[in-house]
Structures are given as structure tokens and as C-alpha cells.
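Sequence positions, counted from 1, serve as the residue numbers for this chain.
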Amino acid sequence: MAQQLDLQEQEQVDALKAFWKQYGNLITWAVTLVLAVFAGWQFWQKHERDQASQASTMYGELQSAASAGDAKRAAQVFGDMKAKSPKTTYTQLGALLAAKAQADKGDVVDATATLQWVADNGNEENAAVAHLRLAGLLADAKKYDDALKQLALVKPASFVALVSDRRGDIELAQGQREAAIKAYKSAYDGLPDTAQYRILVDAKLTALGAAPAASAAASGAAQ
């Protein structure tokens with residue numbers, strides 16, 4: 001009986017040796033690859049955390065510079081952020097802040113370049129904000145067609161009302177009063193009742209003699 005067990009064990013050992021001889025290298029490479037991928041993922045996670053932490057610190061510096069109206073310093077910090085952690089959300093938000101500081105100082109060229117970076121590299125929401133602000137700068141420069149092209153690049157559905165409002169501003173600047181009213185009404189209707197921004201659109205419509213309350217009253221009287 002013991003001899004029979006020994007023979008069975010030997011057969012198992014021989015089978016295992018044959019299996020390992022045929023598939024051993026493949027299994028070793030597969031395990032090595034899995035371990036390498038896991039190690040790489042761990043390293044990447046740490047790298048991402050380190051970048052986010054660094055970007056967060058620099059974003060705080062940029063905020064301080066922008067609040068102080070120091071557009072030059074804000075641009076310098078943004079440059080560092082862009083070089084060290086270009087893919088973080090902090091860098092995108094920092095760019096928007098830096099662009100505002102530059103625009104407030106009248107540095108339209110640099111503000112435009114900074115916003116264009118966000119438009120090209122930011123996530124969908126931040127890119128949308130950049131396009132809206134670029135449209136405003138272009139409209140101020142009376143480049144109305146280019147401004148409208150920027151609005152056409154805004155993708156998120158949540159920005160539809162803001163795009164309509166900005167379009168109304170551009171059309172009004174072009175002397176297209178009725179088109180502007182239509183755009184403002186679209187913006188007003190698209191904004192939530194509780195949105196503070198709606199008050200601003202209401203004021204624009206009121207200034208053009210098309211106050212939403214008056215329009216609603218007239219519609220009710222007609223019915």
C-alpha cells in the first residue's frame with residue numbers, strides 16, 4: 001500500500017515537472033507582468049497624489065497673488081504649475097484665475113493665451129468657462145464673429161443658458177436688439193428660479209423693455 005502511494009506521489013511529481021517545463025516560463029512572465037503593473041499603478045497613484053498636493057499649494061499662492069492684483073506673480077505661479085503638474089484640476093483653475101488677473105490689468109494678449117491653454121487642455125467644464133471668457137474678450141475687441149465661434153465650442157448642456165446670455169451681449173453690441181432680447185429670454189428661461197445670475201439677465205431684459213414679469217403679465221391678459 002505504501003509503495004502504491006509512493007508511486008502515485010512520484011507520478012504527480014513527474015506530471016508537475018512536465019507541466020512546469022511546458023508552462024513554467026509563461027506563468028513566470030505572467031506573474032511578473034501582474035506584479036510590474038501593480039507596482040506601476042502604485043507608483044502612479046503616489047505620483048498623482050504628490051502632484052495634486054504640490055499643485056494645491058501653488059494654487060493657494062496663485063490665489064493670494066490674484067487677490068492682491070499681482071497679475072505678474074499670478075502668471076509666474078501658473079507657469080510653474082503648468083510645468084510641474086499640467087494635468088491637475090488645480091492648474092486649470094489656476095489658469096482661469098491668472099487670466100482674470102491679467103485681463104483686469106488690461107493685459108488682454110496674455111489673458112487670451114492663458115484662457116486658450118485652458119480651452120485646449122482643461123476638462124469639459126473648465127474649457128467651457130475659458131471659451132465663455134474668450135468670447136467676452138473678443139467681443140470687447142469688437143471681434144464679434146470670433147466671439148460667436150468661441151461660444152459654439154462650449155459643450156456642456158449645463159452651460160446653454162450662459163451661452164445664450166453671452167450671445168445676447170454680443171448681438172446687442174452689434175445693434176441687433178431683437179436678436180439680443182431673444183437670446184436673453186432663452187437664457188432667463190434656462191436658468192433655475194433660484195439662480196442669482198437670473199437677476200442679471202432679468203435686468204438686461206428690463207433695460208430693453210422686455211422684462212420677464214411684464215411679458216408674463218401680458219401673456220396672461222391675452223389668455
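Nearest heavy atoms, Ala183 versus Glu171: CB-OE1, 3.7 Å. Ala74 and Leu62 get closest at one heavy-atom pair: O-CD1, 3.6 Å. Of all heavy-atom pairs spanning Pro86 and Trp117, the tightest one is O-CH2, 3.5 Å. When all heavy atoms are compared, the tightest approach of Val154 to His131 is CG2-CB, 3.7 Å. In plain terms, the two heavy atoms of Ala101 and Ala71 that are nearest each other are O-CB, 3.6 Å. Of all heavy-atom pairs between Ala127 and Ala119, the closest is CB-O, 3.8 Å.
At a threshold of 4.5 Å between side-chain heavy atoms, the hydrophobic network of Ile, Leu, Val, Met, Phe, Trp and Tyr places Val160 and Tyr197 in two separate groups. Hydrophobic clustering keeps Leu138 apart from Leu172 (ILVMFWY residues linked when any side-chain heavy atoms are closer than 4.5 Å, directly or through intermediates). Follow the hydrophobic side-chain contacts under 4.5 Å out from Val118 and you never reach Leu153; the two are in separate clusters. Both Leu200 and Val163 are assigned to one and the same hydrophobic cluster, defined by single-linkage of ILVMFWY side chains at heavy-atom distances under 4.5 Å.
Atom CE of Met58 sits about 11.5 Å away from atom OH of Tyr90, to the nearest 0.5 Å. A distance of 10.0 Å separates CG of Asp146 from CD1 of Ile170, quoted to the nearest 0.5 Å. Between the NZ atom in Lys149 and the NZ atom in Lys143 there is a gap of 12.0 Å [rounded to 0.5 Å]. Leu148 contributes atom CG, which lies 11.5 Å from atom CZ of Arg166 (distance to the nearest 0.5 angstrom). From Thr89, atom OG1 reaches atom NZ of Lys87 across 13.0 Å, with rounding to the nearest 0.5 Å. The OG atom of Ser56 lies 11.0 Å from the CG atom of Leu93; values are rounded to the nearest 0.5 Å.
Counting only residues at least two apart or on different chains, the salt bridge (Lys or Arg N to Asp or Glu O under 4.0 Å) pairs with a member in residues 198-207 are Asp165-Lys204, Asp169-Lys204, Asp193-Arg198. Here salt bridge (Lys or Arg N to Asp or Glu O under 4.0 Å) pairs that include residues 127-141, with residues two or more places apart or in two chains, number zero.
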Let me see the working for Tyr59 and Thr88 under side chain to side chain contact (heavy atoms under 4.5 Å, CB included), right down to the final yes or no. CA-CA 11 Å; Tyr59 179 73; Thr88 66; over 6 Å; no
Evaluation steps, side chain to side chain contact (heavy atoms under 4.5 Å, CB included), between Lys182 and Arg167: CA-CA 10 Å; Lys182 183 178 179 180; Arg167 181 177 291 108; over 6 Å; no
Given Leu134 and Gln116, is the side chain to side chain contact (heavy atoms under 4.5 Å, CB included) satisfied, shown in steps? CA-CA 8 Å; Leu134 280 168; Gln116 190 61 56; 3.7 Å; yes
Could you go step by step and tell me if Ile181 and Lys185 meet the side chain to side chain contact (heavy atoms under 4.5 Å, CB included) rule? CA-CA 6 Å; Ile181 289 175; Lys185 283 183 176 179; 3.8 Å; yes
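Using modelled atom types, no side-chain atom of Gln102 and backbone atom of Ala75 make a donor-acceptor pair closer than 3.5 Å.
Annotation: side chain of Leu96 is in contact with side chain of Leu115 (closest heavy-atom distance under 4.5 Å).
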Distance-only check: which donor-acceptor pairs under 3.5 Å involve side-chain atoms of residues 104-113, not counting sequence neighbours?
residue	atom	partner	partner atom	Å
Asp104	OD2	Lys100	NZ	2.9
Lys105	NZ	Gly69	O	3.4
Asp107	OD1	Asp110	N	3.3
Thr112	OG1	Val108	O	2.8

